[in-house]
Amino acid sequence: MDTSGRGDWKRREGLGSALLQIGVVAVVLAAAVAWFVHRGQVRQEVDAHLRTARAAALKGNPGDLKMAQEQLETLFTLSPDSRDARALSADIQAELWLDHHVPGADQKAREQLERAEAMGSRSGERYGARALLLVGEGKTAEAQKLLEELTAQGANSPKLTLAQARLLQRQGRLSEARIAFARAAEGAWRDPRFSAAYGEALLDEGLFPQAVDAFSRATTANPDHQLSRVTSALAQLYSGKNPDSVKATLEELRSSTRQLTPALQARLAVAQAELSLTKGAPDEALSLTDAALKAWPEEHYALFTRARALAAKRAPEARQAFEAAVAKRPTAPLLALDGARLLQAQGDGAGALALLDTYEKTFREVKVQAADGKSVPALDRDDRYWLARGGVMELAGRQDDALAAYDKALAARGVGLAKAQYAKGALLLARKDFEGARTLLSQVAPDTGAGNMPEAYEALGELLFAQGDFAAGCQQHYFALMRARAQGTPADLIATRANDIKKRLETSGQPAMAKAWLTEAGPLFQQQ
């Protein structure tokens with residue numbers, strides 16, 4: 001067989017194959033490099049969009065949350081299977097629904113959450129959003145079970161704590177809810193959402209200074225946080241603070257209403273209505289609350305302020321209005337307790353008692369944990385309720401029932417202990433039980449003048465006058481006026497009270513002491 005030239009053929013074929021293989025490898029490597037470079041670029045873009053979305057969401061305003069969602073939508077076009085981004089989107093939509101009441105946001109939150117769960121996301125947003133949605137939907141048993149399971153697994157985050165706080169609040173376990181809200185706000189101090197939620201919970205309880213402090217922490221995190229700014233103004237107005245301190249804030253927010261959601265517009269209108277009440281314009285306040293309810297019908301503060309405006313007009317519809325506010329948020333003590341006080345002042349004792357009965361029914365089955373670890377009825381620890389009930393009973397002439405209520409307030413030994421001591425002491429004084437009254441009043445009105453309750457010193461002064469001890473009585477009345485002046489009572493009111501005491505001394509046959517009294521008390525009301 002002729003094999004001439006075969007070796008050359010092999011060499012030529014081997015060289016061509018090698019070159020071909022090198023070319024193929026080069027193409028494959030180039031494609032691989034291009035793919036890896038593209039993948040890296042996509043990953044960088046995804047990470048950049050995720051960081052931008054988180055930063056925008058942290059600001060907490062509806063516009064910021066919308067911007068964050070837009071960043072995530074762009075991210076999803078690059079990486080549809082980004083599970084943590086889906087979880088973040090669910091959390092953003094949950095916030096838009098729960099805090100800003102944006103229609104349809106709850107459905108979007110569920111859709112994004114289901115995708116995040118299907119992809120196996122383990123982020124805090126996934127679990128926090130699920131728990132918050134369950135609470136918001138009123139599925140308290142499911143929310144409780146989920147939170148217990150996550151706690152057993154060692155899960156712990158501000159979002160889960162916030163969900164726990166909202167659940168406790170819905171269950172009427174308010175003291176435990178306050179603690180949880182505070183923990184969530186402390187754990188996420190850079191996010192105004194958490195301090196704002198804490199502030200609203202405190203406002204619902206009528207704890208105005210604490211609420212304003214919580215909103216202040218929210219605006220420290222974001223000075224432009226709209227919900228905190230407007231609700232802080234509302235809390236200050238409810239507390240009776242000088243309205244001039246919030247006018248500028250409300251004017252600024254009113255000038256940018258197009259940037260506000262309907263719910264924020266409603267909250268702003270409520271604050272403006274309260275401002276109208278401070279000016280003695282209840283009709284204007286009613287018009288503003290109607291506008292608030294038109295913007296957001298679920299705004300319980302609008303219902304409450306509307307009832308306050310009707311009470312200011314002494315309108316018979318006030319009782320029904322307060323009942324509507326309480327029905328909208330039954331676990332908010334402010335609505336029932338302050339409503340009862342205003343109805344009683346209006347002369348509607350039956351309406352006041354009806355509100356308190358509703359309050360008692362709401363919290364009757366609620367249990368709280370005592371210091372020794374035992375569960376006790378929440379009402380047994382609710383000194384504010386018993387003080388309110390005692391006041392209503394006292395004004396209705398039911399003194400025995402009032403004393404029983406005051407005794408329960410004393411037994412609670414809460415933050416209102418001094419008020420309970422004064423209330424019972426003043427009632428005993430009215431019943432001429434001087435010994436019992438003095439025992440209680442002396443605890444909040446010590447002879448050193450170091451007490452902070454002008455009314456307690458005034459009551460003690462009256463007690464001493466009734467016993468004929470005018471010198472000691474004048475001393476207690478002086479302490480009363482001194483404390484009242486220090487707490488901002490106008491000088492003309494101090495002068496009126498001082499002159500009343502002077503006349504009392506004169507009619508009691510104490511002209512010399514009356515003259516000395518006015519000399520001593522004069523500096524308290526003289527204009528500086």
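No side-chain donor-acceptor contact under 3.5 Å links Ser375 and Gln369. Side chains of Ser232 and Gln236: a donor-acceptor N/O pair is present below 3.5 angstrom, by distance only. Counting only N and O atoms by type, the side chains of His100 and Asn61 include no donor and acceptor under 3.5 Å apart. Under the 3.5 Å distance criterion, with hydrogens and angles disregarded, a donor-acceptor pair is assigned to the side chains of Arg86 and Gln112.
Sequence neighbours left out, not one pair with a member in residues 184-208 passes ring-ring contact (aromatic ring centres under 6.0 Å, His included). Contacts classified as salt bridge (Lys or Arg N to Asp or Glu O under 4.0 Å) and involving residues 111-134 (residues at least two apart or in different chains) are given here: Arg54-Glu125, Glu117-Arg130.
Not a single donor-acceptor pair under 3.5 Å links the side chain of Ser121 to the backbone N or O of Ala116. Panel note: side chain Thr231, backbone Leu227; a donor-acceptor pair is recorded below 3.5 Å. Remark: side-chain polar atoms of Ser82 are not paired, donor with acceptor, to backbone N or O of Ser79 under 3.5 angstrom. Counting only distance, with no hydrogens or angles, the side chain of Asn222 and the backbone of Lys59 share a donor-acceptor pair below 3.5 Å. Panel note: side chain Glu299, backbone Tyr301; a donor-acceptor pair is recorded below 3.5 Å. Judged by distance alone, with hydrogens and angles left aside, the side-chain atoms of Asp382 form a donor-acceptor pair with the main-chain N or O of Tyr385 at under 3.5 Å.
Between Asp357 and Lys361 there is no salt bridge, since none of the side-chain N atoms of the basic residue sits less than 4.0 Å from a carboxylate O of the acidic one.
Counting only heavy atoms from C-beta outward, the side chains of Leu387 and Tyr406 approach each other to under 4.5 Å. Looking at Trp296 and Leu264, their side chains never come closer than 4.5 Å, going by heavy atoms from C-beta outward.
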Next on the checklist: ring pair (Phe, Tyr, Trp, His ring centres under 6.0 Å) for Phe304 and Tyr238? Distances and angles first, verdict last.
Outcome noted: CA-CA 11 Å; Phe304 180 57; Tyr238 279 154; 5.4 Å; yes

Checklist entry - Do Asp383 and Lys419 pass the salt bridge (Lys or Arg N to Asp or Glu O under 4.0 Å) test, and can you show the C-alpha distance, the side-chain angles, and the key distance before you say yes or no? => result CA-CA 9 Å; Asp383 54 344; Lys419 291 181 179 179; over 6 Å; no

Item to check | Working for side-chain contact (heavy atoms from CB on, under 4.5 Å), residues Gln93 and Leu96 | outcome: CA-CA 5 Å; Gln93 295 295 340; Leu96 284 169; 3.8 Å; yes

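At least one test fails for Arg384 against the ring of Tyr359: distance under 6.0 Å to the centre or angle within 45° of the axis.
In summary, of the residues considered (Arg178, Arg166, Arg267), a salt bridge (charged side-chain N to carboxylate O under 4.0 Å, His left out) with Glu200 occurs for Arg267 alone.
Of all heavy-atom pairs spanning Leu65 and Gly60, the tightest one is CD1-O, 4.1 Å. Considering all non-hydrogen atoms of both residues, Val392 and Gly349 come closest at CG1-O, 4.3 Å.
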